[in-house]
Amino acid sequence: MTTTGEERERAFDHGEVEPRWQQAWDEADVFRIDDDATDPEYVLAMFPYTSGQLHMGHVRNYTITDAVARFERMRGEDVLHPMGWDSFGLPAENAAEERDTNPRDWTMQCIDRMRDQFVEMGFGYDWEREVTTCEPDYYRWNQWLFKRFREAGLVERQAAELNWCPSCETVLADEQVEGDDELCWRCDTPIDHREMDQWFLTITDYAEALLEALDDLDGWPNNVREMQRNWIGKQEGASVAFEVGEYGAVDIFTTRLDTIHGATYFSLAPGHPVAREIAEENDEVAEYIHEAEHADEDDLDVTSGVFTGEYATNPATGEAIPVYVADYVLTDVGTGALYAVPAHDDRDHEFATHHDIEIRQVVEPAPEADVDPEDVDVQEAAYTEDGVLDLSAVEGSSRPEGSDGVLVNSGEFDGLTSEAARDRFVSEFDGEHRTEYNLRDWGISRQRYWGTPIPMIHCEDCGHVEVPDEDLPVELPEFVHTTGNPLDAAEEWKQTSCPDCGADAVRETDTMDTFVDSSWYFLRYVSPDLTDAPFDTDRASDWLPVDRYVGGIEHAVMHLLYARFVTKVLGDIDLLEGVREPFTNLTNQGMVLGENGNKMSKSKGNGVSPQRIIEEYGADTARLFIMEAAQPEKEFAWSPEGVQSAHSFLQNIYGLADELAAGEIEFGSEGDIAGYVAREIDATAARATAEYETFRFNHALQAVRELVALLRRYREATEPDDATFERGLVTAAKLLAPVAPHVGEELWERLDGAGLIAEADWPAAEAPADYDTERRLVENTREDVRDIVDTVGIEDPQTITLAVAPAWKHEVVDVAREADNVVPAVMQNEELRRYGEAAADFAKTLAGRATFDEHLPPERELAALERAAWLIEREFGAEVVVQSAEAAGDSLASKAEPGRPAIDIAE
RNA sequence: GCGAGGGUAGCCAAGCCCGGAAACGGCGGCGGACUCAAGAUCCGCUCCUGUAGAGGUCCAAGGGUUCAAAUCCCUUCCCUCGCACCA
């Protein structure tokens with residue numbers, strides 16, 4: 001960037017300015033919130049994982065919440081805006097291994113580094129409420145809550161299948177298993193699936209509550225709500241038992257019980273217990289199951305399966321249908337067993353065709369459907385829609401060919417709609433209504449060191465025994481480098497005695513999933529130092545829910561679902577009162593893309609380091625650029641031009657304030673222009689406020705830029721009125737301050753503001769009366785003048801005369817607006833009739849129009865044009881004369897209409 | 001396949017909920033002011049036609065409702081995201 005000498009003189013040095021204000025805020029306790037505050041505005045960003053690296057995603061996330069917090073504070077709200085550290089987790093262990101240190105030291109260093117960066121960015125947090133999940137002061141409450149959940153019957157020990165790396169001797173999360181070959185991400189060893197006992201929180205008990213409440217979460221994005229609905233995966237259906245050979249009754253789950261008469265085979269998942277029983281007698285089945293269990297996802301065709309030689313009895317028809325074991329039936333969906341209806345299910349159809357099984361239609365389109373039953377050929381493709389039952393094809397049906405249908409066996413079902421049949425068949429075939437969820441219980445056991453120890457003890461005699469509350473927290477032992485779980489290797493720590501019987505016992509060596517930490521951290525901020533409970537129930541009940549939660553979409557399901565679950569449980573065990581949902585409004589900020597529009601990544605080499613931007617341009621430039629670039633939820637590409645533009649703007653407005661402070665601006669007493677500027681100031685405040693409220697910071701900032709540009713033009717055009725000019729700058733500074741807080745303070749200091757702008761009052765936000773109408777009048781008039789000058793080709797206009805329409809024309813429009821029949825209505829008006837033919841002609845003109853824009857009365861139009869005349873003078877270098885209809889005389893004024901002054905341009 | 005969100009001028013992108021001006025902004029491009037010049041800044045223009053503020057054609061495509069549609073309704077096409085051998 002090149003700067004002129006003058007600009008350099010007027011520029012601020014962010015490296016000097018920013019730390020100074022950060023210190024000033026700190027000393028003035030600007031961001032502290034008192035424990036006594038009632039129902040403060042709770043503004044929260046998802047706390048970061050402590051990687052030590054601040055990236056642009058963080059900067060964007062925290063710039064948004066910081067701007068909102070500052071905005072609300074200036075409006076006089078008490079604001080809770082805390083920050084903490086999601087500091088447990090596997091990466092810390094890996095980093096410790098790589099650097100020959102331990103997870104704790106490494107994590108603490110990362111936290112210090114990140115905290116410094118947050119301060120440098122000017123983010124205003126109440127650091128007295130800082131929460132660090134890897135501190136015993138925090139995680140002891142994970143343990144305490146685990147026990148309360150257990151008391152409430154929400155903790156279970158179940159077997160679960162896990163990814164196990166035989167070389168590292170540890171469990172891996174799904175995302176740590178790489179590629180189709182399923183290799184360990186660290187040592188490239190193929191992983192095993194191992195069934196292990198695990199601790200679970202039974203979130204499935206809350207499946208319905210979690211699902212239902214989504215409908216009322218109006219402040220959440222639709223896609224997140226939809227993702228949670230999908231995840232919970234509610235299915236309403238029914239279960240019915242089929243007798244399978246000598247193996248007894250097998251329950252199936254179906255959502256299409258109406259099609260039961262069309263079942264022509266029965267299918268078991270390879271993992272179904274009955275399939276395993278059959279395999280013991282049948283080698284072919286055993287082989288298939290083995291194959292299915294060791295195959296990769298796509299190895300087996302959808303039609304793969306094996307006939308077991310067994311038959312199942314269809315309770316609807318009494319028929320015996322063949323039993324298959326098929327891979328397309330999933331063990332953990334429904335009951336892992338189903339009856340197949342090839343005529344009405346695509347996969348069953350494909351399977352049946354391949355295995356040459358009968359396809360029997362039992363549903364046809366209902367009369368109101370726009371499909372002709374004749375066009376449905378289930379031999380070709382399954383008909384999967386609802387319809388009416390057509391049991392003519394069922395064996396034993398008494399329905400004659402072509403008739404409207406008589407019932408199979410019992411006659412009473414024929415013609416039922418699918419919906420009615422589903423309901424009816426439940427009782428008819430001894431089934432039961434059943435609701436299935438895709439949601440699984442939350443397995444929280446991790447065979448890792450860097451997490452919250454699960455507060456349980458295994459005693460030979462007493463089984464699983466809780467660690468008594470008074471012995472909490474169970475603290476982590478010293479970290480040891482080992483291939484497996486360091487807790488397992490910590491012999492001294494592991495050996496203990498049973499709290500119940502006193503015998504020798506061992507501690508649980510699993511730690512908790514780190515999502516446990518983040519499922520309630522937003523409550524700990526309320527009372528971070530409390531020593532006898534995780535949080536102060538009264539205060540939390542008052543301060544929660546979080547009013548504004550901002551974070552990445554990657555947490556749409558996991559974290560946000562767990563937090564909702566925990567919040568509901570806390571309510572049910574009386575630790576929270578009247579808070580059923582943790583986050584009222586949720587925003588998922590979009591990605592910051594690299595300059596080329598691709599995702600920033602090391603491999604693409606298009607990453608932009610926040611640290612570098614802060615050093616080169618300062619935090620405010622980065623903040624302003626990010627907020628101007630796009631609305632929070634949209635992605636945008638990093639742009640050096642945009643950064644540059646934000647930087648120049650900040651320098652520019654600073655320069656103006658500095659000149660003002662230095663007394664270098666000549667002031668005068670010009671009145672009309674000041675009036676114009678004054679109205680623009682008010683309108684800008686109103687617009688920016690509304691945009692802040694609706695999270696469209698880019699629009700708010702655009703308004704601020706326009707105001708500053710206007711002030712600059714004002715100064716160039718005339719000797720401005722000092723009070724108006726200063727008020728304009730003060731307003732711009734305040735509107736800018738939430739986004740560019742350091743520059744805001746610099747401006748404030750030069751504008752003689754008392755105290756800190758961070759604590760100043762937000763500008764009153766009331767647009768002037770009829771602002772929009774006036775603005776439209778002025779803009780239209782300016783455009784018309786341009787249009788004329790351009791089309792006519794006037795080289796050098798000398799005088800531009802604007803004449804406002806006479807009062808009677810305004811009245812004609814008023815009458816016309818109300819009238820059905822314009823011309824008669826106008827001519828019947830005594831007053832208007834006085835204007836004779838002119839009134840009639842004008843009425844005729846209006847009669848052809850469908851609508852009438854709002855317009856100002858003549859004297860207000862006159863005043864508005866007088867205020868705006870300077871803009872036209874400046875643009876065309878001509879004298880501008882604004883006249884009333886009377887002053888202008890008939891020849892000109894007759895061309896004017898309300899909202900559209902007559903224009904005369906003299907060369 | 002199911003679900004959600006979209007398709008607006010060369011590009012990015014507002015407006016759509018609550019129908020009423022060729023449609024806010026920005027970038028890029030063009031012209032002008034300032035300057036020895038460039039940059040920065042400022043003022044315009046940027047769908048087509050037009051010597052007094054005009055006319056024409058426009059918001060993925062097609063239909064409909066309405067005095068009036070980018071906006072409401074229907075159909076089709078395309079994009080992005082989420083879920084999915086889900087019984």
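Residue numbers begin at 1 in each chain, while the letters A, B, ... track the order of the sequences.
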**Report entry** From CA spacing to verdict: salt bridge (charged side-chain N to carboxylate O under 4.0 Å, His left out), A/Asp216, A/Arg225
**Finding:** CA-CA 10 Å; A/Asp216 296 323; A/Arg225 290 198 281 175; over 6 Å; no

For this output row, return yes or no: ring centroids of [X] and [Y] closer than 6.0 angstrom.
X	Y	result
A/His699	A/Tyr692	no
A/Phe242	A/Tyr339	yes
A/Tyr654	A/Phe649	no

Roughly how far apart, to the nearest Å, are [N] and [M] at atom [atom1]?
N	M	atom1	value
B/A68	B/G64	P	12 Å
B/C16	B/C72	C1'	10 Å
B/G29	B/C34	P	23 Å
B/A70	B/C86	P	43 Å
B/C30	B/G19	C1'	36 Å
B/C12	B/G62	C1'	28 Å
B/G25	B/C18	C1'	23 Å
B/C2	B/U57	P	40 Å

Taking 4.0 angstrom as the limit, do [X] and [Y] come out as a salt bridge?
X	Y	answer
A/Asp772	A/Arg775	no
A/Glu774	A/Arg776	no
A/Arg705	A/Glu628	yes

Report summary line: One should read off an interatomic distance between A/Leu210 CG and A/Leu439 CG, to the nearest 0.5 angstrom, of 7.5 Å

Find the distance [X]:[atom1] to [N]:[atom2] and express it as a whole number of Å.
X	N	atom1	atom2	answer
A/Arg229	B/C2	CZ	C1'	14 Å
A/Phe636	B/G25	CZ	C1'	17 Å
A/His555	B/G82	NE2	P	15 Å
A/Gln631	B/G15	CD	P	6 Å
A/Glu236	B/C2	CD	P	20 Å
A/Gln589	B/C81	CD	P	18 Å
A/Asp772	B/C24	CG	P	15 Å
A/Glu628	B/A13	CD	P	17 Å

Query raised in the report: What one-letter contact string describes nucleotides 42-54 of chain B from 5' to 3', where B marks a base within less than 4.0 Å of any protein heavy atom, S marks contact via sugar-phosphate atoms alone, and - marks no contact?
Result: SSSS----BSBBS

Query - A/Arg256 and A/Asp386, any side-chain heavy atoms less than 4.5 Å apart - result: yes

Requested in this report: Taking the side chain as every heavy atom from C-beta outward, state whether A/Val708 and A/Leu736 have any pair of such atoms under 4.5 Å apart.
Outcome: no

Report task. Could you please name the option among B/C24, B/C86, B/A14 that lies closest to any side-chain atom of A/Arg347? Result -> B/C86

Query - Given B/G82, B/C24, B/A14, the nucleotide with the shortest approach to the side chain of A/Met227 - result: B/G82

Those residues that, when tested against [X], pass salt bridge (charged side-chain N to carboxylate O under 4.0 Å, His left out) (two or more places apart):
X	answer
A/Arg229	A/Asp215, A/Glu226
A/Glu716	A/Arg874
A/Asp441	none
A/Glu350	none

Report summary line: Sequence neighbours excluded, the answer for ring pair (Phe, Tyr, Trp, His ring centres under 6.0 Å) partners of A/Tyr714 is none

Query raised in the report: Within the structure, does a side-chain N or O atom of A/Arg715 lie under 4.0 Å from either OP1 or OP2 of B/U41?
Result: no

Query raised in the report: If you look at every strand shown and take non-hydrogen atoms under 4.0 Å, does A/Val789 touch a base, only sugar-phosphate, or nothing?
Result: nothing

Query raised in the report: Quick one: on RNA chain B, does A/Glu635 or A/Gly336 contact a more 5' nucleotide (nearest heavy atom)?
Result: A/Glu635

Query raised in the report: Taking for each residue the nucleotide of RNA chain B with the nearest heavy atom, is it A/Asp345 or A/Gln702 whose nucleotide lies nearer the 5' end?
Result: A/Gln702

Query - Structure string for RNA chain B in dot-bracket form, Watson-Crick and G-U at under 3.5 Å, | interchain - result: ((((((((.[[[..)....(....]]]((((((.......))))))(((....)))...[[[[[..)....]]]]])))))))....

Could I get a table of every N or O pair under 3.5 Å where one atom is in the protein and the other is in nucleotides 66-68 of chain B?
none

Report task. Scan for side chain to side chain donor-acceptor pair (under 3.5 Å) pairs involving residues 890-907 of chain A, sequence neighbours excluded, and state none if there are none. Result -> A/Arg849-A/Glu897

Requested in this report: Sort and list the pairs that fulfil side chain to side chain donor-acceptor pair (under 3.5 Å) and have at least one residue in residues 786-795 of chain A, not counting sequence neighbours.
Outcome: A/Arg786-A/Glu875

Tabulate atom names and distances for all N/O pairs under 3.5 angstrom spanning the protein and nucleotides 7-10 of chain B.
none

Requested in this report: Run the numbers on A/Ile800 and A/Ile872 for side chain to side chain contact (heavy atoms under 4.5 Å, CB included), then give the verdict.
Outcome: CA-CA 9 Å; A/Ile800 299 171; A/Ile872 302 175; 3.9 Å; yes

Query raised in the report: Between the base of B/C85 and the side chain of A/Asp327, is there a donor-acceptor distance below 3.5 Å?
Result: yes

Each nucleotide N or O in nucleotides 3-6 of chain B that has a protein N or O under 3.5 Å away: list the pair and distance.
from : atom 1 : to       : atom 2 : distance (Å)
B/G3 : O2'    : A/Glu226 : OE2    : 2.5
B/G5 : OP1    : A/Asn222 : ND2    : 3.4

